Amino acid sequence: MIVSGKAVVVPGTNIDTDVLYPGIYLNIDDPDLMKPYLFEGLDPSLRDQLVSDTVLIVGANFGMGSSREHVPLAMKASGVRCVIGSSFARIFYRNCVNLALPAISCPEAAKAAKAGSEISIDAVAGKVTVDGREFVAAPVPPFMLEMLERGGLIPWAQHKLAQS
Amino acid sequence: MGYTVAEKILRAHSDTDHVEPGQVVMVRCDVVLANDVTGPIAFRQMEKMGTDEVFDRSKVVMVADHFAPAKDERSAILIKRLKEWSLAHGVAFYDQGRGGIEHTLLVQEGWVVPGSVIVGGDSHTCTHGALGAFSSGLGSTDIAHCLVFGEFWEAVPGTIQVTVKGEKGRFVTGKDVILAVISQIGAGGGTDNVLEFVGPGVRALSLDERLAVSNLAVESGSETGIFPADEVTAAYLDGRTEKKWDAVHSDPDASYSRQIEVDFDRLEPLVAKPHNPENVVPVSEVVGTPIHQVVVGNCSNGTMTDLRQAAQMVRGKHVHERTRMIVVPATQKIYREAIAEGLIDILVEAGAAISTPTCGPCFGGHTGALAPGENSLATTNRNFKGRAGSPEASVYLGNAFVAAATAVAGEIVNPAQVTS
């Protein structure tokens with residue numbers, strides 16, 4: 001699976017899901033209505049940089065804290081196609097896999113990327129390209145790769161239901 | 001090679017003979033939990049999966065706690081959806097006035113037994129490790145899958161063994177044990193792991209205090225924090241549940257990713273400074289910090305033990321004029337018990353505002369939001385920027401002794417320094 005897009009850099013480490021999507025807006029369950037609150041507690045101007053093919057560049061332990069799926073749902077609804085960082089908090093990572101939003105661990109690529117960099121990710125080959133420079137990413141385990149290729153947990157579940 | 005508690009429980013709940021860290025297995029759930037925030041999104045995802053059938057309605061619990069009592073129309077719609085869905089599917093539903101904060105509630109109502117697998121659409125589902133269960137906080141799409149199939153995919157975690165030893169000091173609680181752990185391993189130090197608590201000091205922790213320890217496991221990135229069942233667990237469960245259970249312990253030759261210690265003999269009450277639970281210092285280092293609001297409550301520290309500790313510190317005194325104090329009993333039963341024991345009267349007389357059980361003040365949803373420039377000391381679990389209202393406010397985390405003593409002083413104090 002190959003994804004490409006333009007980089008938007010989210011600075012900082014230990015970025016929690018509260019700043020990514022503050023609790024006061026959790027009483028929204030429609031992903032399209034979540035979009036205006038993404039990054040609200042961190043830097044609302046990051047929203048203005050999002051385009052239909054955005055690759056988010058993030059720091060270590062990204063997405064720590066609350067399980068709120070509003071964060072990756074709002075990201076997907078806002079055009080984020082992939083997240084590249086050095087490490088991810090467990091629940092955030094799961095949520096990304098389940099929504100077929102690749103969360104790729106590649107600290108060198110994340111360091112090299114600047115706002116607006118052209119990024120390309122080959123999750124199967126484990127390669128990330130930043131403005132033409134190639135980096136080796138941590139391999140995506142086979143199960144997660146299959147989930148991403150299937151389009152996430154919903155198509156995966158549909159497939160299981162069709163078989164049963 | 002032997003297995004850890006986590007590995008044993010996962011093995012018993014999957015179709016594989018052998019499990020090891022990193023391996024992905026499908027794990028069967030004994031309880032699937034969601035709330036008014038995460039449930040409605042899970043129902044949407046379930047509809048997209050193309051089914052309306054729940055795998056086993058006796059294993060599903062829905063709790064209205066985050067925006068309950070509904071703070072506005074949008075919240076009321078979510079709670080209504082949660083209730084209607086629960087009734088239509090014949091699953092357990094706890095409404096306001098009938099339940100409380102989901103994790104304390106599930107433990108209290110006997111849903112959780114040692115060796116079981118509890119999943120919840122809430123990151124603090126890790127709380128249930130306090131009873132020797134494997135518990136996992138999941139997102140809503142995961143919960144949708146669990147509702148349909150009764151199982152979830154799981155990358156088997158490693159285990160960090162925490163040995164607790166020494167004599168527990170007078171104002172030291174479970175909260176301080178877990179803050180000490182988070183301080184040692186950091187906010188991401190437990191990623192891809194669970195915590196397992198063993199050692200002679202564990203017996204000094206009541207079930208209520210263990211809930212606080214396990215509750216903050218996620219603040220270290222850990223999936224859960226497991227207390228292998230012992231006589232404290234057995235005494236708590238006696239007469240509380242009809243579920244059968246066996247204690248699960250790690251094998252002597254089990255393999256750990258890391259082993260650390262918490263020594264009560266060197267532990268004083270701790271405080272996590274803004275804006276990350278890993279910013280832990282002894283309370284003595286932040287003494288004198290002015291505090292505008294104190295919150296005692298939430299899924300980590302809203303138990304009878306916490307309310308007793310808080311009442312002990314404010315008995316016959318008044319909350320400082322600078323400070324507002326909010327007390328949130330975690331469940332309706334705890335609320336009644338606290339009334340019967342006279343604790344609520346002590347707290348109200350001191351000037352505390354008592355709230356019905358709700359998650360509101362902890363996550364900035366409603367009830368007790370902070371203004372710019374205000375400082376809060378809370379027994380809750382997160383002090384992220386903007387967590388409890390304004391991003392220009394600051395939240396300090398501490399135990400109920402520290403919180404209540406601070407409310408009286410109007411500034412952070414060491415409860416050991418307060419004369420009664």
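Remember, predicted model here, so these are calculated numbers, not experimental data. Below, read A as the first sequence line, B as the second, and so on, with proteins coming before strands; counting in each chain starts at 1.
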Visitor: Is any residue of residues 62-71 of chain A within less than 4.5 Å of chain B by heavy atoms, and which ones?
Guide: A:Met64, A:Gly65, A:Ser66, A:Ser67, A:Arg68, A:Glu69, A:His70
Visitor: Could you check whether any side-chain heavy atom of B:Glu278 comes within less than 4.5 Å of a side-chain heavy atom of A:Asn14, counting everything from C-beta outward?
Guide: yes
Visitor: Under a 4.5 Å heavy-atom cut-off, does chain B meet the side chain of A:Phe88, its backbone, both or neither?
Guide: backbone
Visitor: Would you call A:Lys160-B:Glu151 a salt bridge at under 4.0 Å N-O?
Guide: yes
Visitor: If I compare all heavy atoms of A:Ile91 with all of B:Leu138, which pair ends up nearest, and what's the gap?
Guide: CG2-C, 4.2 Å
Visitor: Decide yes or no for A:Asp29 and B:Phe43: does some side-chain heavy atom of the first lie under 4.5 Å from some side-chain heavy atom of the second?
Guide: no
Visitor: B:Pro274: what forms a side chain to side chain contact (heavy atoms under 4.5 Å, CB included) with it, not counting sequence neighbours?
Guide: B:Ser394, B:Tyr396
Visitor: To check you understand the geometry: which heavy-atom pair defines the closest contact between B:Ser75 and A:Asn27, and what is its length?
Guide: OG-ND2, 2.9 Å
Visitor: Looking only at non-hydrogen atoms, find the nearest pair between A:Arg94 and B:Trp153 and report the distance.
Guide: NH2-O, 2.6 Å
Visitor: Please tell me if the side chains of B:Asp142 and A:Leu153 come closer than 4.5 Å, counting only heavy atoms from C-beta onward.
Guide: yes
Visitor: Please flag which part of A:Ile28 lies under 4.5 Å from any non-hydrogen atom of chain B: side chain, backbone, both or neither.
Guide: both
Visitor: If every non-hydrogen atom of B:Gly137 is compared with every non-hydrogen atom of A:Arg90, which pair is closest and at what distance?
Guide: O-NH2, 2.8 Å
